[in-house]
Protein chains: 2
Amino acid sequence: MTWQDRSGRIDHDGPVTVWQQVADDITADIESGELPSNSRLPSEAELTELYGVARGTVRRALAALADGGTVTVVHGRGTFVAAR
Amino acid sequence: MTWQDRSGRIDHDGPVTVWQQVADDITADIESGELPSNSRLPSEAELTELYGVARGTVRRALAALADGGTVTVVHGRGTFVAAR
DNA sequence: CCCGATTTGTGCGTATGTATC
DNA sequence: AGATACATACGCACAAATCGG
């Protein structure tokens with residue numbers, strides 16, 4: 001898929017934390033099939049840019065997804081959608 | 001040109017970010033002609049040493065220059081001054 | 001064709017300072 | 001006081017592309 005600006009999807013003033021919104025947004029793409037199994041997600045730096053959030057926030061979102069088995073992080077290669 | 005220590009040019013406590021100072025310093029060399037078109041910049045590791053900053057900071061500076069079309073980064077080869 | 005060196009790409013972990021809720 | 005979030009910066013490890021012998 002083509003990655004474009006997603007900063008508009010983040011509500012910085014609502015009740016849901018930013019990192020949770022990022023995690024939910026990525027999860028939605030995976031469940032919709034836009035992000036196929038084994039496909040690589042944008043890098044942390046790219047996600048930081050795409051969502052307009054801090055790196056720490058991106059890392060927290062990815063950590064939540066990895067913790068739930070949704071994605072797999074590979075040192076030096078990237079973050080991938082877990083195989084179904 | 002000969003590359004020597006440039007750590008003295010960086011102010012780690014001022015209002016200007018370190019990566020911006022590095023980017024500005026490199027830009028000055030390009031505009032002065034010391035770094036000709038298509039010439040290769042020092043490697044990220046060398047720039048890290050020369051400026052006495054972290055590699056991530058160097059990469060951020062180079063990313064800014066690449067974003068502005070000043071340089072071109074090539075995986076496995078190096079960073080080059082964009083053709084005039 | 002293989003091997004090693006070089007260089008960039010990506011991620012890991014952490015720290016500091018500021019601001020806001 | 002505490003949690004969240006942003007921005008910057010540090011150092012390190014591993015992966016991948018390139019080039020030379």
Side-chain angles (χ1 to χ4, degrees), chain A residues 1 3 5-26 35 38-82, chain B residues 3 5-26 30 35 38-82:
Chain A
M1 72 176 288
W3 294 94
D5 178 63
R6 294 187 160 195
S7 59
R9 305 186 185 185
I10 305 300
D11 176 14
H12 290 261
D13 301 312
V16 183
T17 61
V18 177
W19 67 264
Q20 185 65 61
Q21 293 178 61
V22 172
D24 289 346
D25 197 65
I26 294 173
L35 276 174
N38 301 317
S39 64
R40 194 178 76 82
L41 273 64
S43 70
E44 291 181 354
E46 286 173 331
L47 290 173
T48 294
E49 177 80 12
L50 287 167
Y51 285 99
V53 301
R55 183 196 167 204
T57 304
V58 168
R59 284 177 55 75
R60 186 154 185 182
L62 293 179
L65 295 179
D67 189 63
T70 306
V71 303
T72 305
V73 291
V74 184
H75 191 185
R77 293 221 303 135
T79 304
F80 300 82
V81 178
Chain B
W3 295 93
D5 180 63
R6 294 186 162 194
S7 59
R9 305 185 185 184
I10 305 301
D11 176 13
H12 289 259
D13 301 309
V16 182
T17 62
V18 177
W19 67 262
Q20 185 66 62
Q21 293 177 60
V22 172
D24 289 346
D25 199 65
I26 294 173
I30 293 174
L35 276 174
N38 302 317
S39 66
R40 214 208 76 183
L41 275 63
S43 70
E44 294 178 357
E46 286 172 332
L47 290 172
T48 293
E49 178 77 14
L50 287 166
Y51 286 99
V53 301
R55 186 188 166 204
T57 304
V58 168
R59 284 180 58 77
R60 175 132 194 205
L62 293 179
L65 295 180
D67 190 63
T70 305
V71 303
T72 304
V73 186
V74 184
H75 190 182
R77 296 223 302 133
T79 304
F80 302 83
V81 178

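- For the atom pair B:S43 OG and B:R55 CZ, the distance stands at 9.0 Å (nearest 0.5 Å).
- Closest to the side chain of A:S43, out of D:dA5, D:dT8, C:dG11, is C:dG11.
- Counting only heavy atoms from C-beta on, A:V53 has its side chain closest to D:dC6 among D:dC6, D:dG11, D:dT4.
- Of the candidates D:dA5, C:dG11, D:dA9, D:dA5 carries the atom nearest the A:V18 side chain, counting heavy atoms from C-beta on.
- Regarding contacts with the backbone of D:dC6, a side-chain N or O of A:T57 is found under 4.0 angstrom from either OP1 or OP2.
- Each of B:R9, B:R6, B:E46 was scored for a side chain to side chain donor-acceptor pair (under 3.5 Å) with B:Y51, with one residue passing: B:R6.
- Whole-Å rounding puts the A:E44 CD to D:dC12 P distance at 19 Å.
- Remark: A:R77 is not in phosphate contact with D:dC14, judged by side-chain N or O atoms under 4.0 Å from OP1 or OP2.
- Going from atom CZ of A:R40 over to atom C1' of C:dT10 covers 8 Å, rounded to whole Å.
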| field | Residues B:L65, B:T79; criterion side chain to side chain contact (heavy atoms under 4.5 Å, CB included); working and verdict | value | CA-CA 10 Å; B:L65 295 180; B:T79 304; over 6 Å; no

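- The distance between atom CG of A:L47 and atom C1' of C:dT10, rounded to the nearest whole Å, is 12 Å.
- Nearest to the side-chain atoms of B:H75 among the listed nucleotides C:dG11, C:dC12, D:dA16 stands D:dA16.
- Note on B:R55: a base of the nucleic acid sits closer than 4.0 angstrom, heavy atoms only.
- Which of C:dT10, D:dC10, C:dC12 sits closest to the side chain of A:V73 comes down to C:dC12.
- The nearest whole Å value for the distance from the CG atom in A:L62 to the C1' atom in C:dG11 is 10 Å.
- Two residues, A:G76 and A:V16, neighbour DNA chain D, and the one matched to the more 5' nucleotide by heavy-atom proximity is A:V16.
- Look at B:T79 and you'll find a side-chain N or O under 4.0 angstrom from OP1 or OP2 of C:dT8.
- Note: CZ (B:R59) to C1' (C:dG11) measures 11 Å, nearest angstrom.
- Straight-line distance from the OH atom of B:Y51 to the C1' atom of D:dC10: 18 Å, rounded to whole Å.
- With distances taken from any side-chain atom of A:H12 to the nucleotides D:dC19, D:dC10, D:dC6, the minimum falls on D:dC6.
- If you take CG of B:D13 and P of D:dA9, they are 11 Å apart, rounded to a whole angstrom.
- Looking at A:D25 and A:Q21, their side chains never bring a donor and an acceptor atom within 3.5 Å of each other.
- The CD1 atom of B:I30 sits 6.0 Å away from atom CG of B:L41, with the distance rounded to the nearest 0.5 Å.
- Using a 4.0 Å heavy-atom criterion, one finds that B:G56 contacts no nucleic acid atom at all.
- If you take CH2 of A:W19 and C1' of D:dA3, they are 12 Å apart, rounded to a whole angstrom.
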